[in-house]
Amino acid sequence: MHAVSRHLFFIFTLCLPAILWADPAAEINRLAPPALRDTYATRQFAPLWLEGDKPSTRATQALELMNQAEFDGLQASDYALPALQQSLTTLQQQSGSDTQLAAFDLAMSGALTHYASDLYLGRADPRQMGMAIDTNTKRAALPQHLQTVLNATDLTGALATLRPTIPPYTDLRRLLVKYRTLATQHPSAPVLPPLPSKKLVANSTWDGTPALTNWLITLGYLPANTTATTQYDDAVVEGVKRFQQQHGQIPDGVIGKQTYANLLVSLPQRVQQIELAMERLRWIDDSVLQKRFLLINIPQFTLWAYAPDANQQPKAVLQMPVVVGKALRHQTPAMTKTLSALVFNPYWNVPRSIATKELLPQLYDNPFYLARQGMELVDGSGRSIGSEVGEAEYNAILNGGARIRQRPGSQNALGSLKFVFPNDDAIYMHDTPSKSFFAKERRDLSHGCVRLGNPMALALFVLQSQNGGWDEERIRNKLANSHDQHLSLGEKLPVLLLYFTATADDKGEAIFLQDIYQRDNKLAALITAHRAH
């Protein structure tokens, strides 16, 4: 039970005798906690949830709405609803003292503000998970939103304005109902025998095919009348392809280790993935949706560029594959930042960690390694001091007296374009000469930065509003005649570098992704700790 609701319900149940000179407003003034005092003070401490000495129909409506918290991935049990319902019923049936009426009114307000806060801001603080996701704007706006909800005539409409409008929240809210129903009907993962070999290919025989067929029917990837036999072919292969498509895999119909593992994930786990995705989306300030912005979902290895449509709703106008940081050692952090500059033919200033751990061993064996890689040494003043590495240069790199950078060119690890959004982790987006990575199913392959599948398309989107007019020909001319040239952007675009393992495609169908960085359990634990308080 929320602290405010628990405290006020305790007061109510004491059944204190009414003070002769008191009335509900005076008692509300006496009992109101700091979190609610300003709201009540603006109405001279008049009750919000009473009509005379009885609970209002608005109070009944508020309880009904809080009981629907599960539709937004929240827990109705967090808002002391059974106790409030009992109080409401008691006050409807018999007169209460002014203290009891005041305590009920304040407990209702406490519960509703708790629910509204969870709905608007979320239960977990991303900063507690080390994420540079700025929620300060939303936190500053929260008190006004809570006052609006508490005083609203249309409670349903007021609460609806608190829900995130960022894609794909609305689809996830609908999908949550579907998967909760499925999870109730099928609470356990399917029982599938081991694969007959490392991979199951089309036109094979497998004892698990009938169970697989039934599970794909349950999940909606096969029609209900599909015949189940031990032969893995035809319709079942197509069903597996659809399943793979919706689970971030290459839809080849071959059941290997990852497809097999995805098939064994239970529906209650899928429900939790949806709930956690909705929680993460609550952290995002919806004001960015009125602008052009970039969104990267790390586990999906995908970037979208959004622009407002004719109704000022965000519409994806560009989508591309990306490569993100390796799961074991170089995870790409989630953050919300602002794209401020574009660099044509950038230098790659090799991070010290890469220089000492990966390049120095190469240089120990081959002092000409840097020259072969199009790299050079730079002294403390930024002056190039050549590419040959002897003992003195080796020690300078080791001790921080010199650093390594890679010259612009075909070998450059950043390719020809770099997109800068200043942050404490030195993360940016960039082109890459390693184009083959984008054909891989799992693309956590970088040292943390985001490699772009189509940097030219992103440059065209970013420069669309830049003065002077930019098209592909002008960009290519710039690349042909520039050397580490920085262009400050007139329009600063929000960059949402996010992490959610459940989302929806452009048809509104569920997509479930691998938790490549094992962050879902950490968030779930943080929410549980929040609820315990």
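Along the sequence shown, residues carry numbers from 1.
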Participant: Spell out, as yes or no, whether a donor-acceptor pair under 3.5 Å connects the side chain of R352 to the backbone of L398.
Facilitator: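 Yes.
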Participant: State, to 0.1 Å, how close A183 and P268 come at their nearest heavy-atom pair, and which atoms those are.
Facilitator: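 Closest approach of A183 to P268: CB-N, 3.9 Å.
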Participant: I'd like to know whether L303 forms a side chain to side chain contact (heavy atoms under 4.5 Å, CB included) with V450, so could you lay out the CA-CA distance, the side-chain angles of the two residues, the decisive distance to 0.1 Å, and finally the verdict.
Facilitator: CA-CA 10 Å; L303 173 147; V450 178; 5.6 Å; no
Participant: Going through the checks in order, is the side chain to side chain donor-acceptor pair (under 3.5 Å) test met by D72 and Y169?
Facilitator: CA-CA 9 Å; D72 285 283; Y169 189 89; 2.7 Å; yes
Participant: Is there a side chain to side chain contact (heavy atoms under 4.5 Å, CB included) between M429 and L294? Walk through the geometry before answering.
Facilitator: CA-CA 11 Å; M429 299 180 291; L294 306 178; 3.7 Å; yes
Participant: State whether the side chain of Q246 and the backbone N or O of A510 hold a donor-acceptor pair below 3.5 Å, judged by distance alone.
Facilitator: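 The answer is yes, because a donor-acceptor pair under 3.5 Å joins these two groups.
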Participant: Counting neighbours of CD on E473 that are heavy atoms of other residues, nucleotides or ligands and sit closer than 6.0 Å, is the number greater than 12?
Facilitator: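 Open.
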Participant: First locate atom CD of Q373, then atom CG of N412, and finally report the distance between them rounded to the nearest 0.5 Å.
Facilitator: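 Result: 11.5 Å between the selected atoms.
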Participant: Does Q249 reach the main-chain N or O of Q245 with its side chain, forming a donor-acceptor pair under 3.5 Å?
Facilitator: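 Checking the backbone N and O of Q245 against the side chain of Q249, no donor-acceptor pair under 3.5 Å is found.
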Participant: Quick one: CD on Q406 to CG on L359, what's the gap to the nearest 0.5 Å?
Facilitator: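 These two atoms lie 9.5 Å from each other.
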Participant: Taking all atoms of both residues into account, what is the closest heavy-atom pair of N481 and N477, and its distance?
Facilitator: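 In terms of heavy atoms, the two residues are closest at ND2-O, 2.8 Å.
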Participant: Any chance you could measure E472, atom CD, to L463, atom CG, to the nearest 0.5 Å?
Facilitator: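 Reported to 0.5 Å precision, the distance equals 12.0 Å.
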Participant: For the backbone of L74 and the side chain of Y115, can you confirm whether one donor and one acceptor N or O come within less than 3.5 Å of each other?
Facilitator: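 Pair absent, no side-chain N/O of Y115 close to backbone of L74.
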Participant: Cut-off 3.5 Å, side chains only: do R292 and Q464 have a donor facing an acceptor?
Facilitator: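 Indeed, the side chains of R292 and Q464 share at least one donor-acceptor pair under 3.5 Å.
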Participant: Just wondering, more than 12 heavy atoms not from F71 lying within 6.0 Å of its CZ?
Facilitator: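 Check fails, neighbour count at 12 or below.
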Participant: Within the 4.5 Å heavy-atom criterion, are Y347 and R407 side-chain neighbours or not?
Facilitator: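 Yes, their side chains come closer than 4.5 Å.
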Participant: Under the side chain to side chain donor-acceptor pair (under 3.5 Å) criterion, do Q258 and R442 qualify, and how do the steps go?
Facilitator: CA-CA 10 Å; Q258 191 55 58; R442 180 165 167 164; 5.4 Å; no
Participant: Are I274 and Y179 close enough that some pair of their side-chain heavy atoms sits under 4.5 Å apart?
Facilitator: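 They are in side-chain contact.
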Participant: Are M375 and R405 packed together at the side-chain level, in the sense that at least one heavy-atom pair is separated by less than 4.5 angstrom?
Facilitator: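 No, every pair of side-chain atoms sits at 4.5 Å or beyond.
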Participant: To the nearest 0.5 Å, what is the distance between CD1 (I166) and CG (L281)?
Facilitator: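 If we round to the nearest 0.5 Å, I166:CD1 and L281:CG are 5.5 Å apart.
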Participant: Kindly compute the distance separating CZ (R372) from CD (Q362), expressed to the nearest 0.5 Å.
Facilitator: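 The distance works out to 10.0 Å.
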Participant: Just do the side chain to side chain donor-acceptor pair (under 3.5 Å) check on Q128 and H530 with the steps written out, would you?
Facilitator: CA-CA 11 Å; Q128 291 180 270; H530 169 87; over 6 Å; no
Participant: May I ask you to decide if Y120's main-chain N or O and K138's side chain share a donor-acceptor pair within less than 3.5 Å?
Facilitator: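 Checked: pair present.
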Participant: Is the NZ atom of K440 crowded by more than 12 outside heavy atoms at less than 6.0 Å?
Facilitator: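 No - once you tally the heavy atoms of other residues, nucleotides and ligands closer than 6.0 Å, there are 12 at most.
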Participant: With side chain to side chain donor-acceptor pair (under 3.5 Å) as the criterion, how do D520 and Q272 come out once you've worked through the C-alpha distance, each side chain's angles and the decisive distance to 0.1 Å?
Facilitator: CA-CA 9 Å; D520 276 0; Q272 184 185 57; over 6 Å; no
Participant: Quick one: do R180 and E70 make a salt bridge, cutoff under 4.0 Å?
Facilitator: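 A salt bridge is absent here (no side-chain N lies under 4.0 Å from a carboxylate O).
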Participant: Is any side-chain heavy atom of R139 closer than 4.5 Å to a side-chain heavy atom of D125?
Facilitator: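 When only atoms from C-beta onward are counted, D125 and R139 do touch, with a gap below 4.5 Å.
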Participant: How close do V236 and L216 get, heavy atom to heavy atom, and via which atoms?
Facilitator: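 In terms of heavy atoms, the two residues are closest at O-CD1, 4.1 Å.
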Participant: Do T503 and L498 have side chains that get closer than 4.5 Å, going by heavy atoms?
Facilitator: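 No, their side chains stay 4.5 Å or more apart.
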Participant: Could you check whether any side-chain N or O of R123 sits under 3.5 Å from a backbone N or O of I527, counting only pairs where one atom can act as donor and the other as acceptor?
Facilitator: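 No: the side chain of R123 does not pair with the backbone of I527.
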Participant: If only atom types and distance count, is the side chain of N399 paired as donor or acceptor with the main-chain N or O of G401 below 3.5 Å?
Facilitator: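 A pair under 3.5 Å: no.
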Participant: Just wondering, do I284 and L289 contact through their side chains at under 4.5 Å, heavy atoms?
Facilitator: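 Not in contact.
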Participant: Backbone N or O of G248 within a donor-acceptor pair of the Q300 side chain at under 3.5 Å?
Facilitator: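 Here the side-chain-to-backbone pair does not exist.
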Participant: So which of D515, T332, N297 actually passes side-chain hydrogen bond (donor to acceptor under 3.5 Å, both in side chains) with Y499?
Facilitator: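 Going through D515, T332, N297 one by one, the side-chain hydrogen bond (donor to acceptor under 3.5 Å, both in side chains) with Y499 is satisfied by D515 alone.
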Participant: Just so I know, are the side chains of T501 and L276 near enough to count as touching, which here means a heavy-atom distance under 4.5 Å?
Facilitator: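 They are not in side-chain contact.
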Participant: Quick one: does any side-chain atom of S117 pair with a main-chain N or O of T113 as donor and acceptor, under 3.5 Å?
Facilitator: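 Side chain of S117 to backbone of T113: no pair is present.
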Participant: Can R443 be said to sit on top of F301's aromatic six-ring, NZ or CZ under 6.0 Å from centre and within 45° of the ring axis?
Facilitator: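 So R443 doesn't make the cation-pi contact.
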Participant: Inspect the surroundings of NZ in K326 and state if more than 12 heavy atoms from other residues, nucleotides or ligands are less than 6.0 Å away.
Facilitator: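 Yes, because the 6.0 Å sphere around NZ of K326 holds more than 12 heavy atoms from other groups.
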Participant: Tell me every residue that passes side-chain hydrogen bond (donor to acceptor under 3.5 Å, both in side chains) with S410, counting only those two or more places apart in sequence or in another chain.
Facilitator: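 Counting only residues at least two positions away or on another chain, S410 forms no side-chain hydrogen bond (donor to acceptor under 3.5 Å, both in side chains).
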Participant: Can you tell me how far the CG atom of L342 sits from the CZ atom of F419, to the nearest 0.5 Å?
Facilitator: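 Rounded to the nearest 0.5 Å, the CG-CZ separation comes out at 5.0 Å.
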Participant: Mind listing the closest non-hydrogen atom pair of E393 and E388 along with its distance?
Facilitator: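 Shortest heavy-atom contact: CG-O, 3.9 Å.
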Participant: Would you say S446's side chain and V324's backbone share a donor-acceptor pair under 3.5 angstrom?
Facilitator: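 Yes, because the side chain of S446 sits within donor-acceptor range (under 3.5 Å) of the backbone of V324.
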Participant: More than 12 non-hydrogen atoms from neighbouring residues, nucleotides or ligands closer than 6.0 Å to CD on E391, yes or no?
Facilitator: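 No - once you tally the heavy atoms of other residues, nucleotides and ligands closer than 6.0 Å, there are 12 at most.
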Participant: For K492, is the NZ atom crowded, meaning more than 12 foreign heavy atoms sit under 6.0 Å from it?
Facilitator: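 Above 12, so yes.
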Participant: Taking atom CG of D365 as the centre, does the number of heavy atoms from other residues, nucleotides or ligands within less than 6.0 Å exceed 12?
Facilitator: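 Result for CG/D365: enclosed.
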Participant: Kindly indicate, with the supporting measurements, whether the criterion side chain to side chain contact (heavy atoms under 4.5 Å, CB included) is fulfilled by V288 and T336.
Facilitator: CA-CA 10 Å; V288 305; T336 52; over 6 Å; no
Participant: Any chance CZ of R174 has more than 12 other-residue heavy atoms, nucleotides or ligands included, within less than 6.0 Å?
Facilitator: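 Yes, the 6.0 Å shell around CZ holds more than 12 heavy atoms from other groups.
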Participant: Are E279 and R282 within salt-bridge range, i.e. N to O under 4.0 Å?
Facilitator: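 Looking at R282 together with E279, the answer is yes, because their closest N to O distance falls below 4.0 Å.
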Participant: Are N262 and F512 side-chain neighbours, meaning at least one heavy-atom pair lies under 4.5 Å?
Facilitator: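 N262 vs F512: side chains apart.
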Participant: Taking all non-hydrogen atoms of both residues, which atom of N345 and which atom of P408 are closest, and how far apart?
Facilitator: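 Between these two residues, the closest heavy atoms are O-CG, 3.3 Å.
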Participant: Check the pair V237, Y232 against side chain to side chain contact (heavy atoms under 4.5 Å, CB included), reporting the backbone distance first and the verdict last.
Facilitator: CA-CA 7 Å; V237 173; Y232 179 61; 3.7 Å; yes
Participant: Which heavy atom of E275 sits nearest a heavy atom of L176, and at what distance?
Facilitator: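 Looking at all heavy atoms of both residues, the shortest contact is CG-CD1, 3.9 Å.
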